[in-house]
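If you're wondering where the values come from, they're calculated on a predicted model, not measured in any experiment.
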Amino acid sequence: MQNIEQGLSRTTVFSARRILTLNPRQPVASHVAVRDGRILAVGDLARMCAWGSFDLDERFADRVLMPGLVEGHCHLMEGGMWDWPYLGWFDRRGPDGRTWPGLRSLDAVVARLAELDAAMQAAGEPDAKPLIAWGFDPIYFDGQRVTTEHLDQASRTRRIVILHANGHLMSVNSAMLRDAGITRDCEVEGVQKYETGALAGEPNGELQEPAAMFLVIKRIGPAGLLAPVNDQGMVGFAAMAVMQGVTTATDMVNRLGDTDLAMLERNTARDDFPVRLLPAFQAFHGTHAAAAGAEHVNALKARNTERLRFGLVKMMLDGSIQGYSARLRWPGYFNGAPKGIWVTAPAQYEADFEAYHRAGLAIHTHTNGDEASAVAIDAIARVLARAPRPGHRHTLQHGQMIDTPLFRRMAALGLSANLFANHVWFWGDQHHDVTMGPDRAERINACRSALDAGVPLAIHSDAPVTPLGPLFTAWCAVNRLTPQGRVLGAGERISVPEALHAITLGAAWTLGLDGEIGSIEVGKRADFCVLGDDPLAVDPLALKDLRIHGTVLGGRVFESRA
């Protein structure tokens, strides 16, 4: 990425072929004036002259500007996961612009792991060093779960850990099970076991949700979404943000310990760091722990800067739908899988939520299954009855199975929704055929229903669960296409303008930043996404293919290297 310094004490006027402001009172313009990192004027060249002399910058004369895109649910590890090999089904582009090919069979996954083990042996890496890979999801392989019988084919001596794409599961080989002390007598919830055959009752290598995965993490160290990002990962995330037009992003799970804070502050203090970050504190459990966590987050607000903002709290209720750890209401999983796992017990969730709520913090709650969403809404209603707080900005994240009655309740409570629209493409066919069945899959990530119910809407990628890219996310919400070519829930499609709002002002609303970002208006931050074409003028099917040339953050220009 390239940073081109602007003389921010002077006024710079950017001209463009077209400027989409997302301000309904002035939807388009040809020029925008910037001073001290903020928008001074929007309109034509004559309007710019009203503010006196300026430097005219015409580098975007043949480009289209729109507000900088806002990713309201992603993780900084989008830039750091590339320290480990990728095993996903879909092709995936890394921070350096390289595309990693997807693996389309379980045999290909096992073969790739064997190759990686052989390369480690050739490099003199001892068996004591684990082989860790990521991006895997067995749901694409006709419902076949990967077990120790598969992974032991790659190596019986080196510990193998593959992190599932959803971030809620991992699969390990027998060597890793032995090292972690996981046996048939292990009663930790989430440790899956063989149900039939000679190995019936033995752990099969699949570990669901934090309690089970921790048995491995404590042996190999942090891995996956919960691993702390390093400086290289921060650079990688920044590069991907510029490539995707993102100027503001979250890190939706962060412990915000001393090392984490030093990493965030060191990188965002650099003049050439191109993205504003909002890390969400990973909520601690227990009333006293929650009170201490709330005090910690409130104290961090004093360290806020233009590019680093504290004040968000992340809570989790259930797990992953495609990983069968989400909590679904009747009739449950379409294929008869067990009901799922409470990552946080509902009573504990309500107690913790109230502690953070009373402290004045904005709480973002992970709910995938509809039972989890209903439990969250019930708990929040009781908390708000005991402790009313207008303008709280609490948000349900993912909320993939929320239906119209639940959205109406959310609207009445002032809750926002940040829906995981990318699921329509990445797992829509599997939800239709395996996890939910056709009826419920038709209304997954029901953007139309949310808007019609009056719920403030954002949409997201949850990167690295799916790739960072708000325009792709918008494409998913607008078209609702799956890889098999079906339109999954035509009645839940939204328009292109509505989708653009969801990845700018809608996401900014959930973060409490709609007064600063999300539209091109006087007084707001001079954050822009630089496009080759007008997203309102192209075929909606082409939305995901628009060329992004870079970003502008606070008046500073960053060019994409993709």
[X] side chain to [Y] backbone, donor-acceptor under 3.5 Å:
X: Arg393; Y: Trp509; answer: yes
X: Asp251; Y: Ala280; answer: no
X: Asp429; Y: Gln484; answer: yes
X: Trp134; Y: Gly224; answer: no
X: Glu354; Y: Ala351; answer: no
X: Asp352; Y: Ala290; answer: no

Within a strict 4.5 Å, meaning less than it, do heavy atoms of the [X] and [Y] side chains meet?
X: Leu40; Y: Val34; answer: no
X: Met243; Y: Arg93; answer: yes
X: Leu20; Y: Asp534; answer: yes
X: Met66; Y: Leu500; answer: yes

| request: Mind checking ring-ring contact (aromatic ring centres under 6.0 Å, His included) for His392 and listing every partner two or more places apart, or none if nothing turns up? | output: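 Expected list: His394.
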| query | Quick one: ring-ring contact (aromatic ring centres under 6.0 Å, His included) partners of His460, sequence neighbours excluded? | reply |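 With neighbours one apart ignored, the set is His73, His398, Phe420.
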Can you list everything that forms a salt bridge (charged side-chain N to carboxylate O under 4.0 Å, His left out) with [X]? Sequence neighbours excluded, please.
X: Arg382; result: Glu350
X: Asp545; result: none
X: Asp370; result: Arg329

| request: Let me see the working for Lys301 and Asn304 under side chain to side chain donor-acceptor pair (under 3.5 Å), right down to the final yes or no. | output: CA-CA 5 Å; Lys301 290 181 181 179; Asn304 281 354; over 6 Å; no
| Qualifying salt bridge (Lys or Arg N to Asp or Glu O under 4.0 Å) pairs, either residue in residues 335-349, two or more places apart |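 Counting only pairs at least two positions apart or across chains, the salt bridge (Lys or Arg N to Asp or Glu O under 4.0 Å) contacts touching residues 335-349 are Lys339-Glu371.
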| Residue among Trp425, Phe141, Phe136 satisfying ring pair (Phe, Tyr, Trp, His ring centres under 6.0 Å) with Trp89 |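 Per the ring pair (Phe, Tyr, Trp, His ring centres under 6.0 Å) rule, the option paired with Trp89 is Phe141, out of Trp425, Phe141, Phe136.
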| message | Run the side chain to side chain donor-acceptor pair (under 3.5 Å) test on Tyr349 and Trp342 for me, step by step, so that the C-alpha distance in whole Å, both residues' side-chain angles and the decisive distance to 0.1 Å come before the verdict. | response | CA-CA 10 Å; Tyr349 169 79; Trp342 289 116; over 6 Å; no
| field | Among Leu312, Leu308, Thr250, the one residue meeting side chain to side chain contact (heavy atoms under 4.5 Å, CB included) with Pro279 | value |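 It is Leu308, the one option of Leu312, Leu308, Thr250 that forms the side chain to side chain contact (heavy atoms under 4.5 Å, CB included) with Pro279.
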| task | Check whether the ring centres of Trp427 and His431 lie less than 6.0 Å apart, and answer yes or no. | result |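 Aromatic pair excluded; centres sit 6.0 Å or further apart.
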